[in-house]
Amino acid sequence: MAELLKGAPVATAINERVAADIEMLKGKGVEPCLAIVQLGNNDADTAYANGAKKKCAAIGVAVKEVSLSAEISEAELIEKINELNNDTAVHGVLLLRPLPAHISDDNVRAALRPEKDIDGITDISLAGVFTGNNVGFAPCTAQACIEILDHYGITLKGKTVCVIGRSLVVGRPVAMMALRKNATVTICHSNTVDIEAQARQAEIVIAAIGKAGAVDGRYMSEGQIFIDVGINVNDAGKLCGDVDAAAADAAAAAYTPVPGGVGSVTTSVLISHVVEAAKRAAK
Ligand code: NAP
């Protein structure tokens, strides 16, 4: 049986790390604050926002909820983002996306100050993932994958890593972060020929495609490590990842469960970014 790389101990370790910083900031009269911007009342957005609010309350980070109509114009939304950019009491802005079709995602992302871009959505934050500058922040899910590997003492240096998926939210940034940790990285996507063979030759596989259990035994060889980013609902109506957990359990050395893996670390990373943004602003 493979080792389960559970997210909860990783999240706890991150929370403990930020707790000391929060105390230090409070001593200076600074209360870290996350603004959550939600358009409309999509269930998935509300669930994510509620999870973040609960964790912020438990850790001691203030939350400013900005609930807007899904019919808001692009100009009005950008005006709202500018207000948050200029509000010195707000240190990080979480914009729940996708945005309604009548609003340009590019224009809104460009309006957010990278210093407050705690989920790594601006081009400047993403450039920072490539260059290593610290103006913005890495996308939280991508960083959560790296935090899990670090927490369980799985070094990336010299390892072969296969990232399946190339979105700007997960695949591409996590590939770059693994490269910066001196892994040799292959990025696969829907046009890659024989992904199974690419995955089998890697020591670590990071799956971020959004297809229930698609990464099955054909993608596996003995002793690999699987980081499963996927959040899907399978035919039986159960929450599951992109990795076939039963196959991973038989073949892999270790893998992250779904639920209880990457997803449970993401909000802690988000909060750590808010606290880091508050620290940078206080300097
Ligand atoms: P996305 O934007 O839809 O990107 C999916 C990527 O997977 C694309 O690059 C696509 O290739 C590739 N792909 C799709 N099917 C494939 C296949 N059969 N073989 C190889 N590559 C394939 O998705 P995302 O936002 O990155 O999210 C991926 C998964 O992670 C989803 O299940 C999502 O719910 C989950 N997620 C979890 C968290 C978390 O906190 N745990 C956060 C964000 C996302 P092309 O580029 O060629 O189309």
Side-chain angles (χ1 to χ4, degrees), residues 4-8 10-11 14 36 42-45 47-52 54-55 94-99 105-106 109 118-121 125-126 129 137-149 151 161-178 185-200 202 205-220 226-235 238-245 247 255-273:
L4 267 189
L5 304 173
K6 290 188 182 169
V10 187
I14 296 170
I36 303 178
N42 169 292
D43 285 349
D45 284 353
Y48 188 58
N50 285 343
K54 208 168 139 194
K55 217 162 201 177
L94 175 65
L95 175 65
L96 297 174
R97 299 185 299 153
L99 299 174
D105 188 70
D106 284 352
R109 288 190 303 111
I118 40 73
D119 199 18
I121 65 169
S125 281
L126 289 169
V129 175
F137 294 88
C140 295
T141 307
Q143 190 176 329
C145 298
I146 302 293
E147 295 280 352
I148 290 173
L149 291 166
H151 180 88
V161 174
C162 177
V163 177
I164 314 179
R166 57 173 166 179
S167 73
L168 282 177
V169 181
V170 196
R172 275 187 247 195
V174 79
M176 201 45 56
M177 292 165 97
V185 184
T186 305
I187 305 175
C188 297
H189 46 80
S190 63
N191 289 280
T192 303
V193 174
D194 201 356
I195 302 182
E196 294 88 338
Q198 296 288 350
R200 280 196 305 270
V205 177
I206 302 175
I209 61 178
K211 302 248 157 74
V215 179
D216 58 21
R218 296 170 298 157
Y219 295 70
M220 299 179 186
F226 285 86
I227 303 294
D228 190 353
V229 181
I231 300 177
N232 315 293
V233 178
N234 66 15
D235 292 342
K238 267 186 72 183
L239 200 64
C240 71
D242 290 342
V243 175
D244 177 339
Y255 68 101
T256 57
V258 178
V262 176
S264 53
V265 178
T266 306
T267 326
S268 289
V269 171
L270 180 83
I271 292 170
S272 76
H273 286 177

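Order of listing sets the numbers, starting from 1, for every ligand and every atom in it.
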* Asked: Quick one: nearest non-hydrogen protein atom to atom 25 (O) of ligand 1, plus distance?
  -> Ser167 OG, 4.0 Å
* Asked: Any idea which protein heavy atom is nearest atom 30 (O) of ligand 1, and the distance to it?
  -> Val229 O, 3.4 Å
* Any idea which heavy atoms bring Phe137 and Ile118 closest together, and the distance? -> CD1-CA, 3.9 Å
* To do: Identify which of Ala214, Ala208, Ala144, Gly241 has a heavy atom lying nearest to atom 28 (C) of ligand 1.
  => Ala208
* To do: With the side chain counted from C-beta on, respond yes when Val129 and Met177 share a heavy-atom pair under 4.5 Å apart, and no when they do not.
  => yes
* Could you check atom 46 (O) of ligand 1 against the protein and tell me its nearest heavy-atom contact, residue, atom and distance included? => Arg166 NE, 2.7 Å
* Asked: Which ligand 1 atoms, with their elements, are less than 4.0 angstrom from a heavy-atom of Ile195?
  -> 19 (N), 20 (C)
* Structure fact -> among protein heavy atoms, the one nearest atom 27 (O) of ligand 1 is Val170 CG2, 4.5 Å
* Structure fact -> Here the atoms of ligand 1 under 4.0 Å from any heavy atom belonging to Gly263 are 40 (O), 41 (N)
* Asked: For ligand 1, which part of Asn232 has a heavy atom less than 4.0 Å away: the side chain, the backbone, both, or neither?
  -> side chain
* Cys188 and Ile209, any side-chain heavy atoms less than 4.5 Å apart -> no
* Are any non-hydrogen protein atoms located under 4.0 Å from atom 3 (O) of ligand 1? -> no
* Do the side chains of Tyr48 and Thr266 get nearer than 4.5 Å, heavy atoms only? -> yes
* Has the side chain of Thr256 got a donor or acceptor atom that lies under 3.5 Å from a matching backbone atom of Asp228? -> yes
* Asked: So, the side chain of Asp242 versus the backbone of Gly210: is there a donor-acceptor pair under 3.5 Å, distance only?
  -> yes
* Structure fact -> In this structure, atom 14 (C) of ligand 1 is nearest to the protein heavy atom Lys211 NZ, 3.6 Å
* Among protein heavy atoms, which sits nearest to atom 34 (O) of ligand 1, and what does the distance come to when rounded to 0.1 Å? -> Ile231 O, 3.5 Å
* With heavy atoms only and a cut-off of under 4.0 Å, state how Ile209 meets ligand 1: side chain, backbone, both or neither. => both
* Ile164 versus Gln198: any side-chain heavy-atom pair under 4.5 Å? -> no
* With heavy atoms of His189 as the reference, note each atom of ligand 1 found under 4.0 Å away. => 11 (O), 20 (C), 21 (N), 47 (O)
* Short question: side chain of Asn42, backbone of Ala44 - any donor-acceptor pair under 3.5 Å? -> yes
* Asked: Out of curiosity, is Cys188 lining ligand 1, as in a heavy atom under 4.0 Å away?
  -> no
* To which protein heavy atom is atom 31 (C) of ligand 1 closest, and what is the distance rounded to 0.1 Å? -> Gly210 CA, 3.5 Å
* **Beyond-backbone contact of Val215 with Ile195, side-chain heavy atoms, under 4.5 angstrom** => no
* Would you check if Leu4 and Tyr255 make a side-chain contact, meaning some heavy-atom pair closer than 4.5 Å? => yes
* Give the numbers and elements of all ligand 1 atoms closer than 4.0 Å to a heavy atom of Thr266. => 39 (C), 40 (O)
* For ligand 1, note which part of Thr141 has a heavy atom under 4.0 Å away: side chain, backbone, both or neither. => side chain
* Non-hydrogen side-chain atoms of Leu168 and Pro139 separated by less than 4.5 Å -> no
* Asked: Of the protein's non-hydrogen atoms, which lies at the shortest distance from atom 48 (O) of ligand 1, and what is that distance?
  -> Ser190 OG, 3.6 Å
